Amino acid sequence: MVDITERRSALESHYTAGTFGAECNGHPGVMLAVRRNLSIVHVAGKPDDQTFINAIKSACGCDIPFEPGSVSVAGSLSLIWLAADRWMAVSAEPDPGILEATLRRACDDTVAVIDASHASTVLRLSGPQARTVLMKGAPLDFHARTFTPGRVATTMISQCTVTLVCIDQDTFDLYVFRSFAQHMWEWLRDASEEFGYEVSDILSG
Amino acid sequence: MLIKCPWCGDRSLAEFSYQGDATIIRPSDPLSLSDNQWNEYLNLRNNPKGWHDEIWQHLNGCRKHFKARRNVVTHEIADTKPMDGSLQGGRS
Amino acid sequence: MQNYSIFSLARNALSHHKNWTEAWRSPDPKPEYDVVIIGGGGHGLATAFYLAKEHGISNIAVIEKGWLGGGNTGRNTTIVRSNYAIEGNAFFYEKSMDLWRGMTQELNYNVMFSPRGVINLAHSDAQIDDFQRRGNALRLNGIDAQWLSRDDLKKRVPLLNMSPDARFPITGGLEQPRAGTARHDAVAWGYARAADARGVDIIQQCEVTGLKIEGGRMTGVETSRGFIAAKKVGVAVAGHSTQIFDMAGIRLPIESHLLQAMVSEPVKPSLDTVITSGASHVYISQSDKGEMVFGGDLDFYNSFAQRGNYPTIEHVVAACCELFPTYSRLRLMRTWGGIMDMSMDGSPIIDKTTIEGLYINAGWCYGGFKATPGSGWVFAHTIAQDRPHALNECFSLDRFQTGHVLDERGAGPVAKLH
Amino acid sequence: MNNPQIPQYRLPEGGRIDRSRPLSFSFNGRAYVGYQGDTLASALLANGVHLIARSFKYHRPRGIMSAGSEEPCAMVTMRQGSRIEPNIRATQIELYEGLVANSQNCWPSVNFDLQAIINKVSRFLPSGFYYKTFKWPKFLWMSYEKVIRHAAGMGKVATLPDPDHYDHMHAYCDVLVVGGGPAGLMAAKSAAASGARVMLADEQAEFGGTLCGRAEKISNKPAMDWVARVRDELAARPDVTLLPRTVVASYYDHNMLVLNQRTGEHLPTAEGFTPRQRIWKVWAKQVVLATGAIERPLVFGNNDLPGVMLTGAVQTYISQYGVLAGKNAVIFTNNDSAYDAAAHMHDNGIKIAAIIDNRKQTSPAAQKLSDRGILIFNNHVVYQAVGSKHVRGVNISPLNENGDKLSGGNIKIDCDLLCMSGGWTPSVHLFSQARGKLRWHETLTTFIPEKSFQQERSAGSCKGVWGLSDCLKGGAKAGAEAAKAAGFTKTRALKTPAASNHDMGDIRALWRVPQPPRSQTKRFIDFQDDVATSDIELAAREGYRSVELTKRYTTLGMGTDQGKTSNINGLAVLSEELGKHIPEVGLTTFRPPYTAQTLGAISGPERGGHFAPTRRSPVHDWHVSTGASFMPAGLWMRPAYYQQPGETMWDAIYRETKHVRSHVGLVDVSSLGKIDLQGKDSAEFLNRCYINGFAKLPVGKCRYGVMLRDDGMVFDDGTVSRLAENHFMMTTTTAKAGPVLQYLEYLLDVVWPELDVHVVSATEQWCAIAVAGPKSRELLSRITDIDMSNEAFEFMGVRQGNICDVPGRIYRISFSGELAYEIGVPSDWGLHVWESLMTAGKDLKVSPYGLEAMSILRIEKGHIVGAELNGRTTADDLGFAAMISTRKPFMGQRSLRKPALLEGERKQLVGLISLDGKTPIPRGAQIVVNPDGPTPVAMLGEVTSNCYSPHVENHIGLAIVKRGRQRIDEILWATSPLTKQRVRVKLCSPHFIDPQGERLRG
Ligand SMILES: Cc1cc2nc3c(=O)[nH]c(=O)nc-3n(C[C@H](O)[C@H](O)[C@H](O)COP(=O)(O)OP(=O)(O)OC[C@H]3O[C@@H](n4cnc5c(N)ncnc54)[C@H](O)[C@@H]3O)c2cc1C
Ligand SMILES: NC(=O)c1ccc[n+]([C@@H]2O[C@H](COP(=O)([O-])OP(=O)(O)OC[C@H]3O[C@@H](n4cnc5c(N)ncnc54)[C@H](O)[C@@H]3O)[C@@H](O)[C@H]2O)c1
Ligand SMILES: Cc1cc2nc3c(=O)[nH]c(=O)nc-3n(C[C@H](O)[C@H](O)[C@H](O)COP(=O)(O)O)c2cc1C
Ligand SMILES: [Zn+2]
């Protein structure tokens, strides 16, 4: 398919850009946005299988991040640790079929390659109070020395499973299952209210 | 409680699902068992008051199952290991 | 036994209550008894009482490692009901209900059995079906049950959240009108006093540390206060059944889990019935003293700690505020836990064992307080006659092997799910 | 009390209040003025108001006894309307402008309370009186109980929903310090100096602990200067979190503590978006407990009168609030701490009428006071306070040689304030919650921490250390040790500043002040629950001898204060009664929370719509916009039906049902669980999971499967499609999507780790739309490049291709019994595909249908759902015997041989049809032979599903009935006594439509 039918985010009809919550004099404590049109592919394979390791390297251009909670990056592609035998490749490529096919081609069939581009809604949370907002929700240590850029953790916020990726000191991506997206969005807005927050225009990629 | 997932590290109890006694091994050939033996596997439990080897799943995390050796009186956790690892630690 | 009545109270008031006698003695153990009951909770004490009253056996000792009623009897949410759908359960709990109705008078001790109704809230269409199915089974079995519509509920429980916008809107409720609550401690004390009056020795601060079995028969128990001989030993130790039966080499289909309960600060009457919710598994009632009493689900891992963890409390409290939004400003005063003997089908075990003279009363899960009188009654029968009563035949130990389980929740052999 | 002639009790200067900010407030309808920095209690005392409350049981007048969270007496109802809040301690409420508080548990007023009559008959109401009475006549108990219940309780609960909001926070730290007094501040300073991440919490608005209410000096300057300096230093450190107004409520396993911060409660209403309270869940590597100590009351006659106060509290009212609790005080003590207090009071203008000390020797600490000309009575006791609603004086008497009787020679001394000090009890609540072991300390006459169980240590007065200098040193050491234990190795205790170091001298225990012969004046131990010495004596006499039994029989320590001021006194009296040593009798269990916690705060943001997450399908917004009615299915919200103008709900449902059978309908089935399986052992794995075989399933085909639990009962059902040799897609019921995935993961991780299979939930990736009805093929062939012909795409086939310009899958499966397909497209395109289908099928009259219609369609077809899959039915019960493979092992197989599963009496799935053709089959009905037979009526089975079938044009149902398959054509009753409905039903096959499956294959 050359022309990709436009993908609709789970938040499409709930998303209004603007500034909300407590008065913040133009300095919102938190910025919220949705990242759209990402390609997300889960890869499950044996961590001790050299063919698998090589295949992923060739397909993604980076090493598999074996250390729990770590992320490898190659250009616009991130390879995110999910479990001892599972990773998530994320790229800004708008046609998820391409990433899936690339990985599928590279790997033999002991490796599972599963397109999950539509399974998650990706929210971006940033700003000086972003960590505080996360602290409200997740039972994790978000200290700036502990949860550093390039770390990932899957945990729970407001009874939903979320995968959190630390992008930089004040910026985080939240991967939420699509059906929970609206709930999580409302939760994030409520939690950000006291700091004043800005909903930015939808991010793509 | 704070439980150490062998991969993700110390995490809140709220992220885990308890999956029972780790010493219960599902028989490989159930059809060869007597009613009594099958009942032993299916229903009977050691249920010790003290150190207990058990299986937990990091359900709201990496979703992996692992073994933990936990004292069910004090809730001390001596050791956690991936499923294939054997456990150590704890006074018995 | 000194009679308790308004007159004796008035008489004693005049002597400044200096002349009340002991409710029970604190005897030293005799070397030998006809029957030893292990466990001075409601079940053990009731068993001793009915053994003496119904079966003419009075040379009995109840052996309790701590204090009377200090186990689950002293830490439960006191709900008494018999709205069980499965046959064996239904008739047993109904017998228990009968005994509850006369307990205060039978024991000459006010156990404050208060049949103010127990309502199970339904939150979906499927639950209406399910509850009505149960209600119909109850009615056909001769057990009281009635259906409450949303309008009925609004009137009956004014503070209940009947909003159609609630996360799980309430769609109706199944009530057992003659169910209710009782004062838990009084049940232990009432049975203890009445049993004592019939000659039963209640021995507190005495732990059973071993069972003496010779040639497949019971001959007595080792305790922290020495050996006590007995040919018949009944075990009613709730959360500690495994430990006692380990002494006899018998493995049980039981796991011990922790259940927490909690109370709010006392307030003036605000809830005149017992509310349980099918969607969130919480139950709420108000005690005579005014506290709101809440309970919920297990902590979901094996535990002998009598002490719970926080996530469960959060869940129970959130569910309570969801059902009763005005309770949000009430305050939680105390939380505690009890060790539950969770059986693999969620139903109790009352039976003889493979060892002659050793009897088991265990596996009460969430629900043994309501069973206290019935359990004592059938257990006394089982011990005295050396065979189960018709009412407890279904609670046999071998049902797990044969598959005749009484799995009210349909959860299968996963103890934590019952 | 509010005699305008009594001058104000506010000192002209001093205190930590802000005199430039007067605040008006109302108590019992009267207006008063206090200052910013006051508590409700201090502001009332400043206005000379002492009568605050009526007691729980006897309705005795009660005043203010303490200045903190231990207060047992001064309980009020705060605020009004939806913010009304009962049982609040006046000592814990920070004053704000417009505060409204009222007395509770009294009528018509606190001053004149009719129920005070109970006090007059209190001798008939000893502990446990209700166990002995109200037994006859039996039927009256519920009426008696009603009276009891109305008398009990305290304040009233709100009748409107709480408008405030609450918040949660999670935090990790190296060292959590509980208590911001001298010991806690020093500990925090010390730990922070080592670089550790420190949190310091104190329940008071201001750090300083006891120092806020004393005239102490540190480094020769006012101690509060030091406090301010340390606080500022700590605040400047990035890794220190200061939490004033934060009580540490609970201490759980693995050093997880729960804190509650009053973020907005001290304000008229929480401002803007600030929550009223915020719960902190903290995981601390190490904890320092510096929770201080609580002064003990003395147990003499009428010790509950307003105006009888703890000595330290009177000091606090002076120094912290600039308030005199009285002008003419008698001090009654058994230790030296009261002498410092006496000097402090005296310095501030309180006349000290006398100091009564039960100790025989004059303590050196007394010297300063006698130098001031203050009368000191040694070996004397106050045996009774005198007064009706406020103390007017005291009766004192010398003690006999043994100290257990009065020896005559009474003196009456007038006073308007009676200060008592019975020694101090370390606050070991959290230490005990953390399972620390206590030890009885003879000379301190109290329990102190002996051995920690968790990673914590105590410092300061909560450890039985009384001198300020020692508290500072202890804090410094504890802070350093904690940091070290948390891994900060280059740590040492900081030097501590100079300070006084007064201790308590030798305490002479005095647990019950002897009374004159025949006196029946009550000596209270637990002021909140009205437990007096006579109650404990009675409990002991009647055999309730374990301290736990005494507690429950008398309710000692069971009030909202959880016995903070009463536990030790009660225990000691019991020990004396039993002739035992205190530690032999032991303490009752300390349980969370330390102080009562607002339920709303504990539930936090998980309220209303957020009580549980709501899951929505990709087509959700479309359903909303077309006016669908929704019903919850687990966490999902699913359309139930789409009502059109002029239609009733049932009209809509039957229209949708018929439409599917005659035209084509769409139903959103995105919530069904989908699990993606890959790996070379996938087929083998499925074989082991399902009763039927999957090894030979060809690529491009799907198959219905039934899964058992290992006990032989049906766990779930669904379809499995083979997309490639080693790639399968499994579907589950909505309810079991989570459990089945977890079960498969368990099997792969734990039981068969050797299998090479990966399972991933695909539920969220795929929007699933069932297209059902005779026109479904035609509709689909318009929007896909897949060859839809019956030959190319047979029943139970699966194809991948283009659907409405997006890549997707079509499964030819049917739940309705019609020719039907299920489309799967990636979720972000789900709405696009749904809308495209609606457009493309306009001329085919395509229409959406909801769960209700779907349910009717599946009942007509005899498909099972949750009600039939109740965990007690076997595959055979449900008619799947033929599917059970005999050629391979599978989960649950062994259990099929259990005797109970082989019995002929098992309940089996059948269909039901209403015999008269018009009477509905009641939901949840039971199947019986004779509904009017004698009770208990034997039940043969139960109705699991029921509906009106537009296809059969009759009421039909599914049921599980004993030996049901042998009873086909029998006529029985379906009865619902609950709803007074019954109907004669004929048992039939559960397949009401197209039993041969011609429609779905056509
Ligand atoms: C939080 C909670 C809420 C509950 N809510 C309800 C409810 O609402 N309704 C309901 O019906 N049920 C409820 N239950 C269940 C109910 O409390 C119990 O099933 C019931 O009280 C059990 O009574 P028992 O006499 O068998 O056991 P217990 O009261 O526990 O008595 C057993 C006794 O055995 C003693 N013992 C143990 N080992 C030894 C030994 N080696 N030697 C000597 N003595 C020993 C123990 O000290 C204990 O006193 C609840 C339970 C809990 C924990
Ligand atoms: N002279 C005497 O006999 C005597 C007796 C007792 C105390 N004191 C004096 O009292 C002081 C004791 O110092 P310290 O630092 O040990 O105690 P402290 O009483 O000064 O401080 C304890 C602090 O802990 C807080 N706290 C208690 N429990 C809490 C909880 N659960 N959550 C949050 N905060 C909580 C209290 O609000 C208080 O501010 C010293 O100055 C000492 O001299 C003297
Ligand atoms: C129905 C019921 C009501 C209770 N009410 C109170 C109460 O009003 N005050 C209180 O302090 N504890 C109350 N408790 C709890 C007991 O104090 C105690 O926590 C419980 O019996 C468990 O014992 P433990 O905490 O000593 O282990 C109540 C317990 C039950 C079962
Ligand atoms: Zn993990």
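Note on naming: letters A, B, ... go to the chains in the order of the sequence lines (proteins, then strands), and numbering restarts at 1 for each one. Since we're looking at a predicted model, the values are computed, not measured.
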Just by distance, which donor-acceptor pairs between chain A and chain B come in under 3.5 Å?
| residue | atom | partner | partner atom | Å |
| --- | --- | --- | --- | --- |
| Asp85(A) | OD1 | Lys64(B) | NZ | 3.4 |
| Asp85(A) | OD2 | Lys64(B) | NZ | 3.0 |
| Thr154(A) | O | Arg11(B) | NH1 | 2.8 |
| Thr155(A) | OG1 | Glu15(B) | OE2 | 2.5 |
| Thr161(A) | OG1 | Asn60(B) | OD1 | 2.9 |

*Give, as side chain, backbone, both or neither, the part of Ala138(A) having an atom under 4.5 angstrom from any heavy atom of chain B.*
neither
_Please enumerate all residues that pass side-chain hydrogen bond (donor to acceptor under 3.5 Å, both in side chains) together with Ser200(A), with sequence neighbours excluded._
none
